[in-house]
Structures are given as C-alpha cells and as structure tokens.
Chemist: 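There's a structure below that I have some questions on.
By convention in this document, chain letters (A, B, ...) are assigned in the order of the sequence lines, proteins followed by strands, and residues within each chain are numbered from 1.
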Amino acid sequence: MSKNESQHRRHLLLGITGSVAAIKVNELVRNFNSHNIDTIVIPTERAKHFINFEDSWCSHGSITQIKTPCYFEDNDEWSSWKTRGDPVLHIILRDWADIFLIAPLDANTLAKMTIGLCDNLLTNIVRAWDLKKRKPLIIAPAMNTAMFEHPLTRQHLDILTNNFGYIEIPCIEKTLMCGQTGIGAMASVETIIEQTLKTIQQMSNDEL
Amino acid sequence: MSKNESQHRRHLLLGITGSVAAIKVNELVRNFNSHNIDTIVIPTERAKHFINFEDSWCSHGSITQIKTPCYFEDNDEWSSWKTRGDPVLHIILRDWADIFLIAPLDANTLAKMTIGLCDNLLTNIVRAWDLKKRKPLIIAPAMNTAMFEHPLTRQHLDILTNNFGYIEIPCIEKTLMCGQTGIGAMASVETIIEQTLKTIQQMSNDEL
Amino acid sequence: MSKNESQHRRHLLLGITGSVAAIKVNELVRNFNSHNIDTIVIPTERAKHFINFEDSWCSHGSITQIKTPCYFEDNDEWSSWKTRGDPVLHIILRDWADIFLIAPLDANTLAKMTIGLCDNLLTNIVRAWDLKKRKPLIIAPAMNTAMFEHPLTRQHLDILTNNFGYIEIPCIEKTLMCGQTGIGAMASVETIIEQTLKTIQQMSNDEL
C-alpha cells in the first residue's frame with residue numbers, strides 16, 4: 001500500500017447492538033475494507049450474543065498501535081485505565097475515527113442515545129462524539145414491527161436526527177426474525193455501504 | 001376441564017418489579033387461576049429478591065408447550081435463542097398473552113417504560129407490546145412516599161396512560177415497609193383482581 | 001466532643017460517580033470532617049474503579065449504629081434486607097442525612113437523575129430524596145469537554161436545578177485527564193467545600 005493510498009483510507013467505528021441483524025458485521029467490515037475504509041468494531045454485550053468475529057481479526061485491539069479490523073469491548077475501557085493520566089479508551093477511539101456508524105441500532109440503545117445514558121463503551125463514544133467537528137454519526141435502526149411502530153421510536157429518531165444531526169438509514173419492510181412481516185428491519189448491507197460512501201464523499205468535498 | 005371452559009380461559013402476563021409488594025405474587029396468581037385466568041410471571045432480577053415461587057410452578061417454562069403457572073427470567077431470553085430463525089422469547093410471550101399486568105411497578109421500571117429502555121425480558125415485552133391491537137396493559141405502581149411525590153412520577157404515569165393507553169391502578173395511602181405512612185403503596189390484591197376482571201369483561205364485550 | 005458540639009455536627013451523604021475526579025473523595029471527606037461534618041460515602045460501581053478508601057474508614061457501615069466516615073455500596077442495600085419489615089437502606093441513609101452532595105456527577109448518572117432511573121443505591125437515594133423537606137441536594141458535574149458541550153448536558157442540568165431545586169456547582173475549564181483543555185472539569189475541592197458550607201449556613205439560618 002503506497003503512502004498516498006494510506007492517506008486516503010478512512011477510519012470508521014462500527015457500533016453493533018443487540019439485534020439479530022448484528023450477524024451482518026463481517027459482511028459490513030469486508031465491504032468497507034474493499035472501499036479503503038479501516039474499521040474498528042464496538043459491540044455491546046448484547047450484540048456479542050449474535051456475532052462470531054473472524055479469526056483473522058485482532059481482538060481487544062491495542063490502543064497504542066491500532067491494527068484493523070479489530071474490536072474493543074466494554075471491559076477494555078476499564079482494563080486500559082489504571083491511573084491518572086492513562087489514556088481513556090472512548091476518547092482514543094473517538095479521536096481515531098472519521099465517521100461512526102451504528103448498525104444495527106436496537107430500541108434499547110436508541111433510547112439510551114436519546115436520553116444521554118452512557119453506561120458502556122459504545123454509548124460513551126456517542127456521548128463524547130464531538131458535534132461541533134461535524135464528523136458524521138450514522139444510525140441504522142433495527143427492531144420488530146411493534147417496537148418500531150411504538151410512538152417512542154419516531155420521537156427518538158427525530159431527536160437524534162433533528163437535534164443532534166445524526167444521519168438515519170431508514171428501516172425497511174420485510175419478514176423479520178420473529179416471523180412477522182412488517183417495517184422495522186435494518187436496511188440492506190448495500191444501502192448501508194452506499195450511504196456511508198456518500199457521506200464520506202461529502203466529507204471529502206467539505207475538506208476541499 | 002371441558003373444551004368450552006378452556007376456550008374461555010384468558011392468558012395473563014404478570015410482570016413483577018423490585019418493590020416489596022412483589023411478595024403478593026402467589027396470592028395474585030392463585031386469584032387469577034380461580035377466575036379462569038392462566039398466568040405467566042415475568043420477574044425482573046430485582047423482583048426475584050422479594051419472591052419465593054411456589055414449588056408446584058414450572059420454572060423456566062417451555063416456550064414450545066406452555067404450562068401455567070410458570071415464570072420466565074431474563075436469562076431465558078438468551079438461552080432460548082441460538083441461531084437465526086429461533087423463536088424470540090419476548091415475542092412468543094407477547095403473542096401468547098391477552099393482557100399484561102405489571103404489579104408492582106417500581107419507580108425504576110416506570111422510568112424505563114416512559115423513555116423506552118428495554119434491557120430485560122419484562123421491558124422488552126413492554127416495548128414490543130402491540131398498541132394497535134388494543135390488548136390491555138395495566139400498571140399498579142408501588143414506591144415509597146417521597147419517590148411517589150417526586151414530580152417525575154406523575155409525569156411518567158401521565159405519559160404511560162395518556163400517550164400509550166396503559167391503564168393505571170392508582171397507589172394507595174398506608175404505612176409502607178419503610179415505616180412511613182403516606183401515599184405510594186400498591187393497590188390491594190382485591191382492587192387489582194377487580195380491575196383486571198373488569199378490563200377482561202370490557203375486552204369480551206368489544207369482541208362481540 | 002461535648003454534647004453541644006455533637007448537636008452541631010451535620011450529616012452529609014457524598015455520592016461519587018464514574019469520573020476520574022472521584023480520586024478526590026478522601027480530600028473531600030477530611031475537609032468536611034474538619035468543618036464538623038460527618039460523611040457517609042455512596043460510590044457507584046464505576047466510581048469504585050477510581051478510588052481507594054482510607055484504611056481507617058468503616059467499610060459497609062452498620063445501619064443500626066452508624067460510625068463515620070464510612071461507605072455503603074449497592075450490594076449493601078440488598079444484603080441488609082431479608083424480610084418484610086427490615087430496614088430499607090436508601091431510606092435509612094436519606095433520613096440520616098442533612099444534605100446530599102454528588103461530586104463528581106458523571107454524564108451517565110446525570111441522565112439517570114434527569115429521567116428518574118434508580119437502579120443503584122445512589123440513584124435510589126436521589127429518587128427518594130424528599131423535595132418537600134427542602135434538604136439541599138448539591139451536584140458537581142464532571143465530564144470531558146465534548147460530553148459537556150453536547151446539548152443534552154445543559155438540558156439535564158436545567159431540569160435538575162429548575163424543576164427539582166438541586167444546587168449546581170458549575171464545571172470549570174482546565175486540562176482534563178483525556179488530555180484536552182476545555183470546559184467540563186469538576187470544580188475545585190475548595191469551591192465544593194465553600195459551596196457546601198454556604199448551603200449549610202443557609203439551612204441554619206432557615207432553622208432559626
């Protein structure tokens with residue numbers, strides 16, 4: 001990889017929450033890699049129930065010398081901090097990233113982000129995301145149809161997009177894991193990749 | 001039990017949260033049973049501190065062949081799901097139920113329901129409760145007097161009843177476990193049974 | 001200590017949450033002691049990552065005969081309650097206290113207090129704090145600059161001060177643990193002591 005190529009590789013944090021759609025994480029990461037995007041995955045504890053990371057990945061990536069793809073878990077935040085002056089993981093990761101994508105975003109983490117709860121690594125990065133720097137934060141919600149149609153869902157998504165400036169990749173209609181057909185499924189991998197690349201292109205234009 | 005009687009037995013989910021009033025669970029279940037209502041109990045982790053389920057109950061009921069009374073815990077949700085296509089416990093239970101009663105509803109779960117947090121089995125069923133199907137969701141709050149008189153309590157109860165259509169069984173005044181006399185105690189078992197039967201009668205009328 | 005002096009010693013609960021500023025707990029307690037203020041410390045689980053209590057302290061203080069300084073943890077609430085009629089720890093501590101100071105108050109507990117979540121000992125005392133008795137509740141927020149500048153922070157602090165009557169000791173600007181210079185640091189120990197003494201003086205005047 002030439003220095004020039006390296007300079008153009010973008011850094012993406014991929015937050016994964018507790019929806020069945022979490023199984024698409026490897027497909028997402030491979031796609032991003034082929035588009036010159038380096039990915040660090042941040043799963044919640046619930047998300048880990050759904051995913052098997054590929055063996056080739058670095059687990060618990062080093063925060064002093066980041067190699068991608070890798071992932072960091074909640075425990076890494078506390079094990080990496082021993083004393084005053086030690087690096088704070090959610091700040092290191094936030095500063096490393098050009099863009100933050102949360103896909104799938106489940107109903108529980110959606111509520112946490114709306115009210116500002118930050119009790120794990122993923123939501124600490126969200127709460128510390130620097131809105132003034134205009135780095136994009138993209139969300140791809142996923143939940144069952146009744147959850148999606150609950151009036152809270154639209155309220156929460158409106159706050160995240162209108163008040164905080166996050167970009168929403170809308171849910172789609174399909175036969176969900178729970179067997180019901182309806183709205184609430186995560187957008188396709190293709191749509192998510194496309195929206196992310198479009199957002200990065202926009203960033204590049206803004207930087208000119 | 002004749003087929004006719006079986007057809008008229010109603011299915012009730014009984015959510016139990018972390019208030020001392022949780023000790024009334026067995027009395028509630030016996031009463032419901034005598035009124036032709038089958039009950040599945042959904043305790044939060046905190047609620048389990050207060051209750052001793054009767055030996056005759058099925059623990060960790062089977063989701064393929066439900067026998068009541070039984071109870072399901074948070075861990076059951078994750079142990080019952082192994083791979084794509086497996087049943088999702090909070091959806092199975094929601095679909096099984098005709099009515100959902102949460103008694104006692106403590107201040108913490110009240111807040112979770114108001115903001116849409118769903119981090120355990122009980123609150124996942126709440127978040128996925130199908131408001132369009134008009135299945136009743138009844139709440140019987142219970143907390144100490146100062147908690148009850150905090151301005152948040154009325155705000156939360158108003159959102160649950162006015163915005164989401166839940167039915168509130170109001171707190172009563174009595175000498176609470178903490179030794180103080182005041183408002184905040186859960187309504188009596190008699191009142192809760194009476195309100196539940198009244199709600200079921202209303203459902204039956206609507207079905208005619 | 002004469003009986004008269006004893007009567008004038010004030011009782012302070014010191015809530016500690018998961019910010020690096022938690023390391024100042026011993027300095028705060030020593031200062032309060034020298035100003036005739038007895039302190040019980042209530043750390044969250046996250047706060048315990050940052051603090052080393054002095055050996056001379058009582059750990060897991062007895063709730064029947066309180067000796068200060070001491071601290072109580074989340075587990076103490078559940079281990080002290082065995083059966084109907086047993087004392088409820090968060091009520092005992094609330095009634096013992098003349099004043100409640102939370103320093104540092106991190107972004108996560110700030111959100112919990114705003115929405116009324118009460119899932120640990122500290123937030124149960126907050127939720128049960130008797131606003132009608134006008135006992136002061138003082139908060140000293142601490143978080144990194146981007147977290148502080150997130151629009152939710154000011155919204156939350158306004159609700160706590162305007163709606164609930166809590167007293168805010170504003171964040172200050174300095175070079176934070178994460179290496180950035182900016183607003184968000186906890187006020188100095190001197191400022192916190194000064195504000196607490198001023199509030200106690202005001203209480204004494206009101207009692208005349």
Chemist: Rounded at 0.5 Å granularity, tell me how far CG in A/Asp130 sits from CE in C/Met147.
Modeler: 11.5 Å
Chemist: Below 4.5 Å, heavy-atom pairs only: which of C/His49, C/Gln155, C/Lys112 has the largest tally toward chain A?
Modeler: C/His49
Chemist: Check step by step if side chain to side chain contact (heavy atoms under 4.5 Å, CB included) holds for C/Leu117 and A/Leu117.
Modeler: CA-CA 10 Å; C/Leu117 289 167; A/Leu117 289 167; 3.7 Å; yes
Chemist: So how far is it from A/Asn124 CG to C/Asn108 CG, rounded to the nearest 0.5 Å?
Modeler: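 CG of C/Asn108 is found 7.5 Å from CG of A/Asn124.
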Chemist: Roughly how far, to the nearest 0.5 Å, is CH2 of A/Trp129 from NE2 of C/His150?
Modeler: 12.0 Å
Chemist: Minimum heavy-atom separation for A/Ala128 to C/Ala146, with atom names?
Modeler: O-CB, 3.2 Å
Chemist: Is the number of heavy atoms from other residues, nucleotides or ligands under 6.0 Å of A/Asn52 CG greater than 12?
Modeler: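 Count not over threshold, so no.
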Chemist: Indicate yes or no: at least one non-hydrogen side-chain atom of A/Arg94 is less than 4.5 angstrom from one of C/Asn144.
Modeler: yes
Chemist: Closest heavy-atom contact between A/Ile115 and C/His156?
Modeler: O-CE1, 2.9 Å
Chemist: Go through the steps for C/Leu152 and A/Met113 under the test side chain to side chain contact (heavy atoms under 4.5 Å, CB included), then give the verdict.
Modeler: CA-CA 10 Å; C/Leu152 282 171; A/Met113 290 169 66; over 6 Å; no
Chemist: Select one option (side chain, backbone, both, neither) describing which atoms of C/Thr114 are under 4.5 Å from chain A's heavy atoms.
Modeler: neither
Chemist: Taking atom CD of C/Glu45 as the centre, report whether more than 12 heavy atoms of other residues, nucleotides or ligands fall under 6.0 Å from it.
Modeler: yes
Chemist: Are more than 12 heavy atoms from other residues, nucleotides or ligands located less than 6.0 Å from atom CG of A/Asn162?
Modeler: yes
